[in-house]
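The structure under discussion appears below in the form of structure tokens.
Residue numbers start at 1 and run along the sequence shown.
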Amino acid sequence: MRVAMVGSGYVGLVSGACFADFGHEVVCIDKDADKVAALKAGRIPIFEPGLDALVQTNAEAGRLSFTTDLALGVQRADAVFIAVGTPSRRGDGFADLSFVYAAAREIAAAMDGFTVVVTKSTVPVGTGDEVERIIREMRPDAEFSVVSNPEFLREGAAILDFKRPDRIVIGANDEKGASVVSDLYRPLYLNQAPILVTGRRTAELTKYAANAFLATKITFINEIADLCEQVGANVQEVARGIGLDNRIGSKFLHAGPGYGGSCFPKDTLALMKTAQDHGAPVRLVETVVSVNDQRKRAMARKIIAACDGSVRGKLIGVLGLTFKPNTDDMRDAPSCAIISALQDAGARIRAFDPEGMDQARKVLTDVEYANDAYSCAKGADALVLVTEWDAFRALDLARLRKILAAPVLVDLRNVYVPDDMRRHGFRYVSIGRPEAAPPRD
Ligand SMILES: NC(=O)c1ccc[n+]([C@@H]2O[C@H](COP(=O)([O-])OP(=O)(O)OC[C@H]3O[C@@H](n4cnc5c(N)ncnc54)[C@H](O)[C@@H]3O)[C@@H](O)[C@H]2O)c1
């Protein structure tokens, strides 16, 4: 089948490359000319494990191409995906749908013959109706169907997630649209990926409900971690103790500095606004949003407390800047809020991230960037582990202890074992775990 992917960012590029790998003929379209030029030259503008090889193989096989010319890609397509950004709108936190509607208008102007327009971007309930209205208004004669197909991939494991999804959700109000999109995913039937065909509004809401639920789970364990600190319990053991219950499950129960990234913050906020607008407020999610917001600055206070109550004039080393490992994505990364709060308190910041420093430089100014974990730690008054990249999981503790100006390590991801750290002479602070070895009862 012929597919046009409008928007070639984290989702569009991965989806486009994977569809091409299934054997479809895919054109990835983006209005960012630099991005398209890089892709045409074989350079991948983002960091996503395995994506460079997948793009290269499929481009060489002639199944995957790139263009800035939307009309060219859309005219021949059986299905046109909208995979543009839907960031939070400044001021009110509602999803900014201007990119989606602009794409819909451009698609309407270009489409030729029966076309299925598929929204892959995360969009509030009712957006599909509006996309349909826009296209119908511009092209009263056209034959088309608007389908919702929300994407659930995770950055850092995006290719695996796309090719082995837990489920595929297809929201359509007509059978023709649903069957074209189902056919596109047919290669995944082999892996028995469950396909859920629902109404369009249901599919749109399913995506937000999924993200809000995961954000709630993270926030729940973060609050339990705070309580653990007060009562001398260990949050990792509590998480294991509840996670082994199949009704709860062990995923997303890792206490940390609060969720961030390109999806959870904006999607929880957008769901909150949609629910308020419809007179059915989601109070649980409202609380999650506010608890998570406050947590980032609370992390900075934790770091300050570990530095004897003041970081004024002190040098703080920060390991890991991206919102999670294996991506270069800095959107809404907890590191940003934590670093700003430390700078507000008078700290100087030196940071290192294995893949995120180019993106970080655009959002975090006034930070000294190091070449590796050890040069980041050298002479620092404290070292803070913010993102749990593999490269930070087995640091040479004796070496670190020697090069730090003060032996303070704040581990916001609970990577290290408290007893080991004490043995190496660190003042070690982590999340929701007792500072002294707990008595065994
Ligand atoms: N990033 C994720 O992990 C993830 C996961 C699931 C869902 N989503 C959702 O997918 C959508 C896209 O997210 P992303 O992270 O890929 O965003 P992104 O910012 O990385 O990519 C969006 C791309 O669309 C391009 N674009 C915007 N308007 C265009 C137009 N009219 N024509 C052509 N190109 C246009 C931009 O230049 C950009 O390259 C969002 O709604 C997001 O919520 C993201």
Side-chain angles (χ1 to χ4, degrees), residues 87-88 90-91 93 215-230 235 254-269 272 284-324 329-351 353 356 359-360 362-368 376 380-388 408-415 427-433 435:
S88 285
R90 266 176 198 278
T216 302
K217 216 172 165 190
I218 294 174
T219 307
F220 175 83
I221 202 67
N222 283 341
E223 286 206 310
I224 295 294
D226 291 348
L227 180 58
C228 283
E229 287 175 17
Q230 298 309 314
V235 74
H254 301 287
Y259 63 77
S262 58
C263 292
F264 287 1
K266 77 172 176 64
D267 292 349
T268 43
L269 214 55
M272 200 176 113
L284 204 56
V285 179
E286 290 179 8
T287 305
V288 164
V289 168
S290 127
V291 168
N292 192 67
D293 270 353
Q294 289 162 30
R295 186 163 186 83
K296 319 254 172 79
R297 281 188 93 82
M299 291 299 109
R301 291 197 295 277
K302 195 177 183 78
I303 297 161
I304 294 167
C307 297
D308 293 326
S310 171
V311 289
R312 186 151 303 282
K314 290 184 180 168
L315 176 65
I316 309 295
V318 174
L319 296 182
L321 296 169
T322 52
F323 82 95
K324 67 173 174 180
D329 200 339
M330 283 296 296
R331 286 178 283 185
D332 258 317
S335 64
C336 296
I338 294 170
I339 287 175
S340 301
L342 291 172
Q343 287 173 328
D344 288 348
R348 290 179 294 129
I349 304 293
R350 188 193 287 148
D353 188 280
Q359 295 300 325
K362 296 178 191 164
V363 283
L364 289 170
T365 50
D366 211 12
V367 165
E368 181 192 336
C376 183
D381 296 287
L383 190 63
V384 185
L385 202 163
V386 178
T387 312
E388 70 282 27
V408 179
L409 201 144
V410 182
D411 177 359
L412 300 182
R413 299 289 181 170
N414 288 348
V415 166
R427 183 187 304 166
Y428 177 70
V429 175
S430 59
I431 305 282
R433 299 189 299 180
E435 303 233 340

For a 4.5 angstrom cut-off between non-hydrogen side-chain atoms, does [X] reach [Y]?
X: D332; Y: F323; answer: no
X: N414; Y: V235; answer: yes
X: K266; Y: S262; answer: no
X: Y259; Y: V288; answer: yes
X: I221; Y: E223; answer: no

Rounded to the nearest 0.5 Å, what separation is found between the [atom1] atom of [X] and the [atom2] atom of [Y]?
X: M299; Y: K296; atom1: CE; atom2: NZ; answer: 10.5 Å
X: I431; Y: H254; atom1: CD1; atom2: NE2; answer: 14.0 Å
X: T268; Y: L284; atom1: OG1; atom2: CG; answer: 12.0 Å
X: M330; Y: L364; atom1: CE; atom2: CG; answer: 4.5 Å
X: L409; Y: S430; atom1: CG; atom2: OG; answer: 10.0 Å
X: R433; Y: Y428; atom1: CZ; atom2: OH; answer: 4.0 Å

Ignoring hydrogens, what is the shortest heavy-atom contact between [X] and [Y]? Give both atom names and the distance.
X: A225; Y: A255; value: CB-CB, 3.7 Å
X: K302; Y: V429; value: CE-CG1, 3.8 Å
X: P334; Y: G258; value: CG-O, 3.4 Å
X: V367; Y: A351; value: CG1-CB, 3.9 Å
X: L412; Y: P257; value: O-CD, 3.4 Å

Checking the side chain of [X] only, and the main-chain atoms of [Y] only, is there a donor and an acceptor separated by less than 3.5 Å?
X: R350; Y: C376; result: yes
X: Q343; Y: D366; result: yes
X: R295; Y: G256; result: yes
X: T219; Y: N292; result: no
X: D381; Y: I316; result: no

Exercise. Residues two or more places apart in sequence or in another chain: which of them pass salt bridge (Lys or Arg N to Asp or Glu O under 4.0 Å) with R348?
Worked result: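 In terms of salt bridge (Lys or Arg N to Asp or Glu O under 4.0 Å), with neighbours along the sequence ignored, R348 is linked to no residue.
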For this session: For L342 and I349, run side-chain contact (heavy atoms from CB on, under 4.5 Å): C-alpha distance rounded to whole Å, both residues' side-chain angles, the deciding distance at 0.1 Å, then the answer.
Result: CA-CA 8 Å; L342 291 172; I349 304 293; 3.9 Å; yes
Side-chain atoms of residues 303-314: list all donor-acceptor pairs with protein atoms under 3.5 Å, sequence neighbours left out, distances to 0.1 Å.
residue: D308; atom: OD1; partner: R427; partner atom: NH1; Å: 3.2
residue: S310; atom: OG; partner: R312; partner atom: N; Å: 3.2
residue: K314; atom: NZ; partner: C307; partner atom: O; Å: 2.9
residue: K314; atom: NZ; partner: S310; partner atom: O; Å: 2.9

